[in-house]
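Hydrogens, waters and symmetry mates play no part in the numbers below; they use all other heavy atoms, side chains included. Chain A is the first sequence line, chain B the second, and so forth, proteins listed ahead of strands; every chain is numbered from 1.
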Amino acid sequence: MTAFVSPKSRITTLFVEAARAVAPDHDVAIDLERPKQASHGDFACNAAMQLGKALRRNPREVAQAMVDALPASELVEKTEIAGPGFINVFLKPAAWQGIATQVLTSGDRFGEVALGGNARIQVEFVSANPTGPLHVGHGRGAAFGASLANVLAMAGYQVHREYYVNDAGRQMDILALSTWLRYLALCGEFVPFPANAYQGAYVGAMADGIFALHQDRYRRAAAEVVADVPDAATDPEGHLDALIANARRLLGADYAYVHGYALEEQLGDCRNDLTEFGVTFDTWFSEKTLHESGLIDKAVEQLRKHGHVYEQDGALWFRSTAFGDEKDRVVRRENGIYTYFAADIAYHVNKIERGFDRLIDVWGADHHGYIPRVKGALTAAGLDADRLTVALVQFAVLYRNGQKASMSTRAGEYVTLRDLRAEVGNDAARFFYVLRKSDQHLDFDLDLAKSQSNDNPVYYIQYAHARIASVLASWGGVESDLLDADTGRLAHPQELALLRRLAEFPEAVAGAARDLAPHGIAYYLKDLAADLHGLYAACQFLVDDEELRLARLALIAATRRVLQRGLALLGVGAPDKM
RNA sequence: GCCCCCGUAGCUCAGUGGAUAGAGCAUCCCCCUCCUAAGGGGAGGGUCACACGUUCGAUUCGUGUCGGGGGCGCCA
């Protein structure tokens, strides 16, 4: 099995040699583009115009020199010099015809590119607090991160998918408290439920669960729970913190049970939700372990050793302003508790110490202000902050009947990822989430995602796949019968267009990986499906001429492969029937 | 106030230092005796917000202006 070398990269090699011959002392990047107009050939090279400036010669002269220096190739039909100095290359049909069988023989490797050089790359995504069901905002991060990780793997990286579990913070304590208060009510101990505690029905469900397992083992007197607690109306946050403190004191060692129960339930729910969504992780990394193993102490000590930490107002500060941040940040509060940021520093130091060559953090766009301080902390710790790339994902807004679907996080009244999946299906959800550039706000049209019409790009692409499956089923043969097909018979313009498109798949993968932009795959697949539908309308596949029939079947079988592989990158199914 | 994203066809959005800027929807016209019409072909529709720079060349890069969206905690 030989690696696939696209016509584009083979032609590029020719131009690199030509440029070297014409201008040995100048380095010019040869970047062939596919012209918009068919009359400009298969590829256009603009190197002569760039070299023209460097050599102080007329670009068209340089272009002629390059054409003269171009090594002979059996792929090239002819070249011509056009416009201000473009070199247009016209390929023989044979250059494209071979693609069909190359796709079939390269099996499950077509699309692989060596961009990553087998480097170890970690993609951390979702990482939502396990304090309740995932909502549609998390869904976008999940779909984006999972697709990106798949793309990077195909582009030659060793990919490690990780979820950072915030199991150590105040939010988890609030969840544990919320659960316990609901549980106490079941025991007959009524404590007013704070408005800023977790309101969702899932909290009550967890209380039911604990009560069913342990009856009133964790019951404490309501009067003790609210003892010495500040007024909820005037000091809601203090009220909550005091309730948590009382819960810890009254429950003693049992507090860990309630806390752990809530954590396991919510994390389990989150994991199930994501698994059903086709999103899986290699590691679920616990924040708590950073505290317990002393990694935070160690990381802060590392910063202190380098002189980037100081004390003020009883708190410990990281001098992030020395690294481009707009203000210094607290790492340990007056009360001696590390901030979330301190854990984040330790976490990122740990990631690099685990030996990853590159780190990708997928964050909600609201966290963009954190980039300078996290990168600054890495630099301050003597590490290479350039290994870290933060991919920001903007918010998704749902639209139903042309109206914005409301999302109030406060009252626990938000649309969950599970609701969305149930409403539009996993395939449409995965696809729509990555259809926009990640750094762009996403308007998620629920009606469109649900519609089974040609307005809906998911169905358009899946339909292309189903059509091919249907034709191949009518034919009745097996794919291996097609490996010897004489693809030289593929000369129809629609056939050549589809062949060219197939050859572009590796480039689409490389581009999506380089730009951390899996939406490029979605757009590629739309184009590929359009080419297939165009061919379907123009040509009959199951023709009497056996040679032509096999050639065409080889072409669409190859197309089916690429559709499958592309859809798999996005976590979208490729049904045989629709 | 500071920071981030965006401004491309009526709408939703791709694209990108190159030649005549694309797709889907919407509008109008056409195509099923045939492997799935969930499809295909065609027409109209644009000062790529504006200005000034950089460049052989700018929708793309830079600066500014205007307009839209979002974010700013000893929360996580």
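For the pair L535(A) and A538(A), both in contact range of RNA chain B, the more 5′-proximal nearest nucleotide belongs to L535(A). Mapped onto RNA chain B by nearest heavy atom, S474(A) and L435(A) fall at different nucleotides, with L435(A) at the one closer to the 5' end.
For the pair D173(A)/H259(A), a side-chain contact is recorded, criterion being any heavy-atom separation below 4.5 Å from C-beta on.
Across the protein-nucleic acid pair, D515(A) atom CG and A14(B) atom C1' stand 13 Å apart, rounded to whole Å. Rounded to a whole Å, the CD1 atom of I556(A) is 14 Å from the P atom of C35(B). We find that CD1 of I81(A) is positioned 21 Å from P of C56(B), with the value rounded to whole Å. For the pair R552(A) CZ and C34(B) C1', the interatomic distance rounds to 14 Å; values are reported in whole Å. In this structure, W317(A) places its CH2 atom 11 Å from C1' of G73(B), rounding to the nearest Å. In this structure, CG of D447(A) is placed 16 Å from P of U12(B), rounded to the nearest angstrom. As a whole-Å value, the separation of Y399(A) OH from C13(B) P is 8 Å. Here the P atom of nucleotide G24(B) and the CZ atom of F432(A) are 15 Å apart, to the nearest Å.
At a threshold of 4.0 angstrom between heavy atoms, the contacts of D576(A) include nucleobase atoms, whether or not backbone atoms are also involved. Residue contacts for E334(A): at a heavy-atom cut-off of 4.0 Å it reaches a base atom on one of the strands shown. Among the heavy atoms of the strands lying under 4.0 Å from K437(A) are primed sugar atoms or P, OP1, OP2 only; no base atom is included.
When the side-chain nitrogen and oxygen atoms of Y460(A) are compared with OP1 and OP2 of G40(B), one or more of them lie within a distance under 4.0 Å. Remark: K327(A) is in phosphate contact with C74(B), judged by side-chain N or O atoms under 4.0 Å from OP1 or OP2. One finds no side-chain N or O of R436(A) lying less than 4.0 angstrom from the OP1 or OP2 phosphate oxygen of U12(B). Side-chain N/O atoms of Q50(A) include none lying less than 4.0 angstrom from OP1 or OP2 on G57(B). Taking 4.0 angstrom as the limit, R467(A) places a side-chain polar atom (N or O) nearer than this to OP1 or OP2 of A37(B). Using a 4.0 Å cut-off, no side-chain N or O of H533(A) falls inside it from OP1 or OP2 of A38(B). Neither OP1 nor OP2 of C56(B) sits under 4.0 Å from any side-chain N or O of R56(A). Y524(A) has no side-chain polar atom (N or O) that falls below the 4.0 Å cut-off from OP1 or OP2 of A14(B).
For M578(A), taking side-chain heavy atoms from C-beta onward, the closest of the listed nucleotides C56(B), A38(B), C35(B) is A38(B).
If you take atom C1' in G15(B) and the same atom in C48(B), they sit 11 Å apart, rounded to whole Å. When the C1' atom is used for both G45(B) and U12(B), the distance is 16 Å, rounded to whole Å. Across U8(B) and A49(B), the matching P atoms stand 6 Å from one another, rounded to whole Å. A37(B) and G10(B) are spaced 27 Å apart, taking the C1' atom of each and rounding to whole Å.
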Any N/O pairs under 3.5 Å between the protein and nucleotides 19-21 of chain B? List them or say none.
from	atom 1	to	atom 2	distance (Å)
A19(B)	OP2	K36(A)	NZ	3.0
A19(B)	N6	N88(A)	OD1	2.7
A19(B)	N1	N88(A)	OD1	3.4
A19(B)	N1	N88(A)	ND2	3.1
U20(B)	N3	Q37(A)	NE2	3.1
U20(B)	O4	Q37(A)	NE2	2.9

Could you list the protein-to-nucleotides 66-71 of chain B atom pairs, N/O on both sides, closer than 3.5 Å?
from	atom 1	to	atom 2	distance (Å)
G71(B)	O2'	D366(A)	O	3.3

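A salt bridge links K351(A) to D361(A): at least one charged side-chain nitrogen sits closer than 4.0 Å to a carboxylate oxygen.
A side chain to side chain donor-acceptor pair (under 3.5 Å) check over residues 536-546 of chain A, counting only residues at least two apart or in different chains, returns the pairs R489(A)-D545(A).
Annotated as syn: C32(B), whose O4'-C1'-N torsion sits within 90° of 0.
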